[in-house]
Every structure is written in C-alpha cells, then in structure tokens.
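Here is how names work: the chains are called A, B, and so on, in the same order as the sequence lines, proteins then strands, and each is numbered from 1.
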Amino acid sequence: MKIVTRFAPSPTGYLHIGGARTAIFNYLFAKKHNGKYLVRIEDTDKKRSTNEAVDAIHDGLNWLGVNSSEKIIYQSKNLESHVKVAYELLEKGFAYKCFLNPEELNHLRTKSRENGIPIKSPWRNNNSISENKEFVIRLKMPLNGTTTINDYVQGKVSVKNEILDDMIILRSDKTPTYMLSSVVDDNKMGITHIIRGDDHFNNAFRQIQIINFLKWDKPLYAHIPLIHGTDGSKLSKRHGATNLIDYHNMGYTSEAMFSYLLQLGWTTRDDEDDYEFNKVVKLFALENINKSPAKFDIKKLNNINSRYLNNMDTNNIYKLIIERFELILNIHQERRLKSLLPELLKRVDVYVDLKDDFEWIIEDNFLCKDENKLKQLKENNLMINEIGDLLKNCEWTKETIDHCLKTYIQEKSIKFKDVGPIIRIALTGKTNSPDLVSIIYELGCTISLNRLNYNY
RNA sequence: GGUCCCUUCGUCUAAUGGUUAGGACACCGCCCUUUCACGGCGGCAAUACGAGUUCGAAUCUCGUAGGGAUCACCA
C-alpha cells in the first residue's frame, strides 16, 4: 500500500508551532514509507480565511523544509463535490433535513447539555417538509452499538454511538462544513493515514460514520497530543512566541527547530541525543509518539540550536548572517568575519546575537566609543602603545604574536590579566571575546596597530 | 456537567513484571584558561496518592486527586 499523509491547516492565522510539529510528523511518516505527503489548505470558512495566512503557512513550511510532495490543494475548490456527497447521504437516508431555527436550536442545546445527551433534531424522524424555510442537512448518527478506533497514538478507544450528535454536514447557505469536507477530500486524495492534533480525536468518531455510510476505505488515525506551555496549559501567546516564523526571525535555524519540535513527544529511544535527519527518517514510528502533552522549553531549543550552529558549515552561516543583516563586505571583511565565526558561535545560542560583534570585526576604523571603557584605555594608554610597538616588528603568525605578548608581561613582571582586558577593549570595545591572539592575528597588522597605537 | 485522554527528576524522555529507575537540557561544583565561552569530570533531582494482584509493580487492576481535549450552521 502506498502511504499518503496530509497536513491540513486552516488559513485563519500564522503557522503555529503545534501545527508545524503536526506537519513534521506527517512528513516524516510519509518519507519513511516512501509515500506522499500532501498539504491541503482548509479554506472553507471564507470569512476567516486570508491570503496572508496562506502565505504565512507556505513560508513556514518552506522554512522548515516540509513541503508538499505535490501541488498544494485548496479545499474551497472542491466544495461542489462535498455538496454532492451531502445530498447523496440525504438520498440514501443517512442524513436528513433539519428546519430548526436558532432559538429552537439554542433551547435544544442547553437541554442536551443538562441531560448529557447529544443533539438529535426532532426532524430526524419527521419526513414532512416545510419548503419555505431554510434548512441544514444533519447526519443520522447510529443510535446503537459502539465505534472503535485503533489509533496509533491513543491506542484502542471505543465510544458508544449514542453519544454522537447529529452533526451538520451542509449549512443553511448550502456550504459544506469541515466535518464533511475533510472526510470527502481525504477520501478523494487517497489519504491512508490521518495524523493530526488530538483536539480532533472526538471528531474522528463522528467523521468515521460518514465513511461507514458510504462504504469508503477507512483511513488509519494518529492523534498526537498538543504542545503545552510551561504551566501545563495549552500553548498560547503568553507563553512566548507560538508563531513558527518568529523563531526564524529570532535566529533559530530550521534544522534545530525541526529537531526540537520532533523530540517534543517522540524520541529515537537511544541514549544519543542525536536527531540527524536521515537517522530520524529510518527510526520514525507513530507508535512511539507519547500520549501526554509535552511542554515547550525554550532552553532546550537554545541548546539544540547552539549545537547545530557549531556544526554548520561556516560558509552557510556566513550566508545566513549577511542576508539577515544585509551586509555588503569586501573580501578582507569577509575573510575576517569567516575566520572568527567558529569562535564567535561558541558564545551564542542564536546567530543574530552576533550582531554586537560585527562592528569591531568589519569596520576597519573601529574604535571603542563607550565612555567608561575609554577612561580605562586612557589610563593605560602607554601600555597599549607599547604593545602596539612590539607587534609592529612582529612576524604575523599566531605563535609569534603570542610570544610577543608573553615576553612583554615577563619583562614587566606583570600578569596576563593586567594587560589582557585592556587590550581586548582596545581591539573590540568589549570585555569578552575570543582569545586575544586569534583576534590580533585575524584582524591583521594594520587594523590591530591602528587600535593599539591610538592616542586615547 | 457528559464523553474521551493523560500523570517517571524543574523540562524532554528511557526502562513493555526483576535496573543502584538510565540519558539529555537546565541548575550547582571542580578542571582547563588571558576574559567570556567551548570542552572534560562530578553533583543535585522523579515513578501524583491509596488500595489490590504477584515471590516481585514505574510497568497489570480498581479508586482518589490533579491536568488536558471536546461538546458551533469554526476548522
């Protein structure tokens, strides 16, 4: 059997990280079984759907690298076929017209809630027709028996059919509801495995009735738990960013995000904390997704991101940086930045935090501007200049630069910490940075001496 | 409230009847060291609670507590 999965977001907002994780699971499962992974935009609610949201979903999926195997499908284009199915169900006696007005419905709803009995319209058993009034089409849910789903994640779960409500499949304005559209499209697209958030678990028992009535092939289900915030409640904005693309903007790499989202609820089950893509594809299994919701932990993401950062090819990181900060560098500046990059990356979680370092690396004529630090430089001007003079005649290798500095402190009978911090400030304007010898070496003779022989 | 689901270190998780309950992140300490980091070594820390089954329970059963999902002419 060829496996087909789908990610089916509704374009009513940005791409949520929970949705992104659902997409990842769908993508991986299809990949693992050499199947297809499709994206279907559920835009049947025209009032709430926007083109901006469609673009946002698109951008998010692209960034994460979980693109559809085929052209993206827009549910709104299939509406006619959904309506047809609604009427087919009606003709076959699996559905009925319901003429309830809003007041009557409201009354029914409060009553059904009180009794714990699902909504069953009185029109279910009333074949008379009041053609003048608006109607909806409701599914005639079975009254007896149970429906059982063998869910990859939730396990075997049974529900009594009597608790199923006669859900609306066609609205009074003759548009199909999600409950219908989703089932029809899944069938048409040949979806074999429905992997979605467990907020849909209840829907599965209701939707499966349509499939039964029509004698369609049943898809297999995997209802994955939602992501929670640190306080255990459903992830929302007050827990921090929930928009996937925000993480891109904050400087996280897509590989790290992919890896982190994946290990929220799933594990490779070995003691190596390694989520390399090819390995993950091989090991992935829906059965191993945990039932309980995981809490989003930014610290773990930071750790993962920093590890990816330090393993990435310098040229790739360099490209990300100059794109993000719109830097235009000459070959000297490029060389300096690239050669310092590996050391710099050890000190940050996200590459945008490197921003503070660009100036002293890139600007040929950079000089420390901070007043308090300048004061220190002034007080030690003589020492700074002396070291500048020593370096002037120094052969430009790391070894000799190192030797040069060591000789100086030896002759003066002082400690490295008596000169190190000052020189560091003179060269970078900062109190922490990669090691001095590397900085001096990579900055080059001209620039280093510029900053050291300056009259502060 | 009805229905369904969940509960192992602070967090993500491993252990599918027998382990000193393992790993990772975070935190703390030590080492390395010219700063800050990286790295190395070590430490703290969990089976929600109560019964039952069993020679033996994190694991099976029941109950309690807590948490979550859902109950739209939204998706």
**Q** Looking for any heavy atom pair under 4.0 Å, which part of the strands does Gly116(A) touch: base, sugar-phosphate only, or nothing?
**A** sugar-phosphate
**Q** How would you summarise protein contacts on nucleotides 14-33 of chain B per nucleotide, using B for base, S for sugar-phosphate only and - for none, with heavy-atom distances below 4.0 Å?
**A** SS------SSBSS-------
**Q** Counting only Watson-Crick pairs (N1-N3 plus N6-O4 or O6-N4) and G-U wobbles (N1-O2, O6-N3), all under 3.5 Å, who is the partner of U53(B)?
**A** none
**Q** Which nucleotide, in any strand shown, forms a Watson-Crick or G-U wobble pair with U3(B), with both distances under 3.5 Å?
**A**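 The answer is A69(B), by the H-bond criterion.
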**Q** With a 4.0 Å cut-off on heavy atoms, is Gly265(A) in touch with a base, just the backbone sugar-phosphate, or nothing at all?
**A**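 Sugar-phosphate only.
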**Q** Classify Thr230(A) by what it touches in the nucleic acid, base, sugar-phosphate, or nothing, heavy-atom distance under 4.0 Å.
**A**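 Counting heavy atoms under 4.0 Å across all strands, no contact is made by Thr230(A).
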**Q** Between Asp55(A) and His58(A), do the side chains contain an N or O donor and an N or O acceptor separated by less than 3.5 Å?
**A** no
**Q** Going by the rule side chain to side chain contact (heavy atoms under 4.5 Å, CB included), which residues pair with Ile409(A) if we only count those two or more places apart in sequence or in a different chain?
**A**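 Applying side chain to side chain contact (heavy atoms under 4.5 Å, CB included) to Ile409(A) gives Ile414(A), Phe416(A), Val419(A).
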**Q** Let's see if you can work this out: which of U35(B), A75(B), C12(B) has an atom nearest to the side-chain heavy atoms of Asn432(A)?
**A** U35(B)
**Q** With heavy atoms under 4.0 Å as the rule, sort Pro102(A) into base, sugar-phosphate or nothing.
**A**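 No contact.
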**Q** Which class fits the ring pair Phe205(A) and Phe201(A): parallel under 30°, tilted 30 to 60°, perpendicular over 60°?
**A**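 Phe205(A) and Phe201(A): perpendicular rings.
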**Q** Roughly how far apart, to the nearest Å, are C12(B) and U47(B) at atom P?
**A** 16 Å
**Q** Going by atom types only, do Ser10(A) and Asp45(A) share a side-chain donor-acceptor pair under 3.5 Å?
**A**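 On atom types as modelled, these side chains do not qualify, holding no pair under 3.5 Å.
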**Q** Hey, does the side-chain of Thr177(A) have a donor or acceptor N/O within less than 3.5 Å of a partner on the base of C73(B)?
**A** no
**Q** If I pick the P atom on G43(B) and the same atom on A48(B), what distance separates them, to the nearest angstrom?
**A** 25 Å
**Q** Validate the cation-pi geometry between Lys97(A) and Phe135(A): distance from NZ or CZ to the six-membered ring centre under 6.0 Å, angle to the ring axis within 45°.
**A** yes
**Q** Using the rule given for side chain to side chain contact (heavy atoms under 4.5 Å, CB included), can you reason through Lys218(A) versus Asn212(A), listing the C-alpha separation, both sets of side-chain angles and the distance that settles it, and then say yes or no?
**A** CA-CA 8 Å; Lys218(A) 282 200 189 98; Asn212(A) 284 340; 3.0 Å; yes
**Q** P atom, G23(B) versus A46(B): distance in rounded Å?
**A**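 It works out to 14 Å between them.
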**Q** Provide the distance between the two C1' atoms, one in C28(B) and one in A45(B), to the nearest whole Å.
**A**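 Roughly 12 Å separates the two C1' atoms.
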**Q** Pick the P atom in A72(B) and in A14(B), then give their distance to the nearest Å.
**A**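 Looking at atom P only, A72(B) and A14(B) are 35 Å apart.
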**Q** Output one letter per nucleotide in nucleotides 59-70 of chain B: B when a protein non-hydrogen atom lies under 4.0 Å from the base, S when only the sugar-phosphate is that close, - when neither is.
**A** ---------SBS
**Q** Enter syn or anti for the glycosidic conformation of C38(B), syn applying to angles within 90° of 0.
**A**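 In terms of base orientation relative to the sugar, C38(B) is syn.
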**Q** Would Asp186(A) and Arg6(A) pass as an ion pair if we require N to O under 4.0 Å?
**A** yes
**Q** Does G17(B) have a Watson-Crick or wobble partner in any strand here, with both distances under 3.5 angstrom, and which is it?
**A** none
**Q** Measure the acute angle between the ring planes of Phe284(A) and Trp266(A), then classify it against the limits of 30° and 60° as parallel, tilted or perpendicular.
**A**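 Tilted: the ring planes of Phe284(A) and Trp266(A) meet at 30° to 60°.
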**Q** Does U59(B) pair with anything, Watson-Crick or G-U wobble, both distances under 3.5 Å, and if so, with which nucleotide?
**A**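 Checking every strand shown, U59(B) finds no partner, since no pair has both distances under 3.5 Å.
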**Q** Counting only Watson-Crick pairs (N1-N3 plus N6-O4 or O6-N4) and G-U wobbles (N1-O2, O6-N3), all under 3.5 Å, who is the partner of U64(B)?
**A**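 Across all strands, the one nucleotide that pairs with U64(B) is A48(B).
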**Q** Write down the partner of C30(B) under the Watson-Crick or G-U wobble criteria, each distance required to be under 3.5 Å.
**A** G40(B)
**Q** Would you check if there is a donor-acceptor pair between the side chains of Ser181(A) and Arg40(A) at a distance under 3.5 Å?
**A** no
**Q** Could you please name the option among C36(B), C6(B), C4(B) that lies closest to any side-chain atom of Val157(A)?
**A**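 Per side-chain heavy atoms of Val157(A), the pick is C4(B).
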**Q** Heavy atoms under 4.0 Å, any strand shown: does Arg109(A) hit a base, just sugar-phosphate, or nothing?
**A** sugar-phosphate
**Q** Which nucleotide wins on minimum distance to the side chain of Lys295(A), given the candidates U7(B), U34(B), U11(B)?
**A**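 Minimum distance to the Lys295(A) side chain belongs to U11(B).
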**Q** Categorize Met167(A) for me: base, sugar-phosphate, or nothing, with a 4.0 angstrom heavy-atom threshold over every strand shown.
**A** nothing
**Q** Look at the side-chain N and O atoms of Lys291(A) and state whether any lies under 4.0 Å from the OP1 or OP2 oxygen of C6(B).
**A**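 The answer is yes; a side-chain N or O of Lys291(A) sits under 4.0 Å from OP1 or OP2.
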**Q** Just to be sure I understand the rule, does Leu264(A) reach a base, reach only the sugar-phosphate, or reach nothing, if contact means heavy atoms closer than 4.0 Å?
**A** sugar-phosphate
**Q** In whole Å, what separates the C1' atom of G29(B) from that of G50(B)?
**A** 39 Å
**Q** Without hydrogens or angle criteria, can the side chains of Tyr221(A) and Asn150(A) be said to hold a donor-acceptor pair below 3.5 Å?
**A** no
**Q** Taking a pair as Watson-Crick or G-U wobble with both distances under 3.5 Å, which nucleotide is matched to C9(B)?
**A** none
**Q** Examine the side chains of Asn26(A) and His193(A) and answer whether a donor and an acceptor come within less than 3.5 Å of each other.
**A**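 No donor-acceptor contact under 3.5 Å links the two side chains.
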**Q** Taking the inter-plane angle between the rings of Phe296(A) and Tyr260(A) on a 0 to 90° scale, is it parallel (under 30°), tilted (30 to 60°) or perpendicular (over 60°)?
**A** perpendicular
**Q** Nearest to the Lys346(A) side chain among A75(B), U3(B), A37(B), which nucleotide is it?
**A**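 Nearest to the side-chain atoms of Lys346(A), counting from C-beta on, is A37(B).
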**Q** With a cut-off of less than 4.0 Å, is there a side-chain N or O of Ser112(A) near OP1 or OP2 of G2(B)?
**A** no
